[in-house]
Colleague: 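Dumping the structure here so I can ask a few things about it.
Side chains included, hydrogens not; waters and symmetry mates left out as well; all remaining heavy atoms used.
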Amino acid sequence: MDLNHDMPLKKQLFTIPNLMGYFRIILIPVFVWRYITADSITDYRIAAIIVAVSGLTDMFDGKIARRFHMITPLGKALDPIADKLTQGAMALCLVFRFQWMMPLLILFIIKEGFMGIMGILLLRKGKMLNGAMWFGKVCTAVLYVIMFILFLFPSIPLATANVLIVICIGFMLLSLFMYIPVFAQMHKEK
């Protein structure tokens with residue numbers, strides 16, 4: 001990975017991948033407002049399209065950063081923040097429609113709280129997790145896909161929605177339990 005440690009912060013702020021990260025953050029209140037105020041299937045679909053644009057932007061910012069050597073320390077921090085804010089906002093929106101989203105939202109807060117606290121503790125020791133592990137990426141992909149489906153099809157049968165939500169919960173628990181030993185090992189290392 002080609003990380004531009006020497007690039008001044010001012011230049012890091014305006015790389016194309018980082019601008020795409022800001023754009024994703026700006027889209028959050030837009031899709032939340034559209035979803036929460038929806039009163040037709042079309043409104044829900046518009047919210048889903050906005051989420052899809054955010055997801056595509058997420059996919060392309062990483063590809064652009066790697067392809068054009070624009071990976072920066074700011075981008076490495078901004079990308080997961082944009083991911084987590086987007087995921088949390090989507091889960092919060094869905095709580096108003098699907099009762100089983102509340103346990104998922106609570107687990108999401110616990111998992112991301114754990115990841116944040118461990119990240120801070122490791123940073124104090126001069127260490128940092130070098131990107132998401134495969135199981136974290138799988139969890140994120142499953143979460144995005146299932147929440148996108150729930151956004152796109154607001155009239156999905158409740159039993160189907162609940163099964164999809166339980167699948168998300170399962171992947172999130174798996175990811176959390178697989179990250180615990182990774183952080184424990186990093187914490188033990190000198």
Colleague: Any side-chain to backbone donor/acceptor pair from Y179 onto L174? Under 3.5 Å, distance only.
Modeller: no

Colleague: Sub-3.5 Å donor-acceptor pair from the side chain of K127 to the main-chain atoms of M186, do we have one?
Modeller: yes

Colleague: Is there a side chain to side chain donor-acceptor pair (under 3.5 Å) between T15 and N18 once you walk through the steps?
Modeller: CA-CA 5 Å; T15 65; N18 291 348; 3.2 Å; yes

Colleague: Do V53 and F31 have side-chain heavy atoms sitting under 4.5 Å apart?
Modeller: no

Colleague: About how many Å separate CD1 of I180 and CD of Q185, when rounded to the nearest 0.5 Å?
Modeller: 14.5 Å

Colleague: Should I81 and Y144 be counted in the same cluster of Ile, Leu, Val, Met, Phe, Trp and Tyr side chains packed under 4.5 Å apart?
Modeller: yes

Colleague: Does the ring of Y35 carry R97 above it, NZ/CZ under 6.0 angstrom from centre and within 45° of its axis?
Modeller: no

Colleague: Show, in sequence, the C-alpha distance, side-chain angles and deciding distance for M147 and M101, and conclude whether the side-chain contact (heavy atoms from CB on, under 4.5 Å) test is met.
Modeller: CA-CA 10 Å; M147 288 198 294; M101 280 304 292; 3.9 Å; yes

Colleague: Any chance you could lay out the side-chain contact (heavy atoms from CB on, under 4.5 Å) test for M178 and M133, step after step, and finish with the verdict?
Modeller: CA-CA 9 Å; M178 291 183 80; M133 307 295 284; over 6 Å; no

Colleague: Provide the closest heavy-atom pair for C168 versus V142 in the form atom of the first, atom of the second, distance.
Modeller: SG-O, 4.2 Å

Colleague: Can you tell if the side chain of L78 reaches within under 4.5 Å of the side chain of I25, non-hydrogen atoms only?
Modeller: yes

Colleague: Y22 and L13: which non-hydrogen atoms are nearest, and at how many Å?
Modeller: OH-O, 2.8 Å

Colleague: Hey, could you give me the CG/CD1 distance between L92 and I109, rounded to the nearest 0.5 Å?
Modeller: 8.5 Å

Colleague: I'd like to check F151 versus C93 (side-chain heavy atoms, cut-off strictly below 4.5 Å). Are they in contact?
Modeller: yes

Colleague: Is there a side-chain contact between T140 and K84 (heavy atoms, below 4.5 Å)?
Modeller: yes

Colleague: Would you name the heavy atoms of D61 and P17 that are closest together and state the gap between them?
Modeller: O-CB, 3.5 Å

Colleague: Rounded to the nearest 0.5 Å, what separates atom CG in D79 from atom CD1 in I71?
Modeller: 10.5 Å

Colleague: Mark yes or no for whether Q12, through its side chain, and L74, through its backbone, hold a donor-acceptor pair below 3.5 Å.
Modeller: yes

Colleague: Under a 3.5 Å distance rule, please check whether S175 uses its side chain to pair with a backbone N or O of F171 as donor and acceptor.
Modeller: no

Colleague: Is there a chain of hydrophobic side chains (I, L, V, M, F, W, Y, each step under 4.5 Å between heavy atoms) that links M118 to V182?
Modeller: yes

Colleague: Using only atom types and a distance under 3.5 Å, with no angle test, would you say the side chain of D43 pairs donor to acceptor with the backbone of D39?
Modeller: yes

Colleague: Would you find more than 12 non-hydrogen atoms of other residues, nucleotides or ligands less than 6.0 Å from L173 atom CG?
Modeller: yes

Colleague: Please name the pair of heavy atoms, one in I156 and one in T160, separated by the smallest distance, quoted to 0.1 Å.
Modeller: CD1-CG2, 3.7 Å

Colleague: Is it true that L164 and V145 fall in one hydrophobic cluster, defined by side-chain heavy atoms closer than 4.5 Å?
Modeller: yes

Colleague: Within a reach of under 6.0 Å around CE of M59, are more than 12 heavy atoms found that belong to other residues, nucleotides or ligands?
Modeller: yes

Colleague: Provide the closest heavy-atom pair for G119 versus F183 in the form atom of the first, atom of the second, distance.
Modeller: N-CE2, 4.3 Å

Colleague: Do the side chains of F153 and I41 get nearer than 4.5 Å, heavy atoms only?
Modeller: no

Colleague: Can you tell me if R24 uses its side chain to pair, donor with acceptor, with the backbone of T57 under 3.5 Å?
Modeller: no

Colleague: Grouping I, L, V, M, F, W and Y whenever their side-chain heavy atoms are under 4.5 Å apart, do W33 and F23 come out in a common cluster?
Modeller: no

Colleague: What heavy-atom pair brings F177 and P181 nearest, and what distance separates the two atoms?
Modeller: O-CD, 3.1 Å

Colleague: H187 and K125: side-chain contact (heavy atoms from CB on, under 4.5 Å), yes or no, with the steps?
Modeller: CA-CA 8 Å; H187 190 69; K125 294 178 102 178; 3.9 Å; yes

Colleague: Do F68 and I16 touch side chain to side chain, with heavy atoms closer than 4.5 Å?
Modeller: no

Colleague: Looking at CG of L56 and CE of M20, how far apart are the two atoms once the value is rounded to the nearest 0.5 Å?
Modeller: 9.0 Å

Colleague: A side-chain contact here means heavy atoms from C-beta on lying under 4.5 Å apart; do T86 and M90 qualify?
Modeller: yes

Colleague: Do L158 and F98 come within less than 4.5 Å of each other through their side chains, counting heavy atoms only?
Modeller: yes

Colleague: Please test L104 against V95 for side-chain contact (heavy atoms from CB on, under 4.5 Å), starting from the C-alpha separation and ending with a verdict.
Modeller: CA-CA 9 Å; L104 186 141; V95 161; over 6 Å; no

Colleague: Calculate, to the nearest 0.5 Å, the distance between atoms CD1 and CE belonging to I110 and M172 respectively.
Modeller: 10.5 Å

Colleague: Quick one: CG on L107 to CD1 on I169, what's the gap to the nearest 0.5 Å?
Modeller: 7.0 Å

Colleague: Are L122 and I120 connected in a single hydrophobic cluster, I mean Ile/Leu/Val/Met/Phe/Trp/Tyr linked by side-chain heavy atoms less than 4.5 Å apart?
Modeller: no

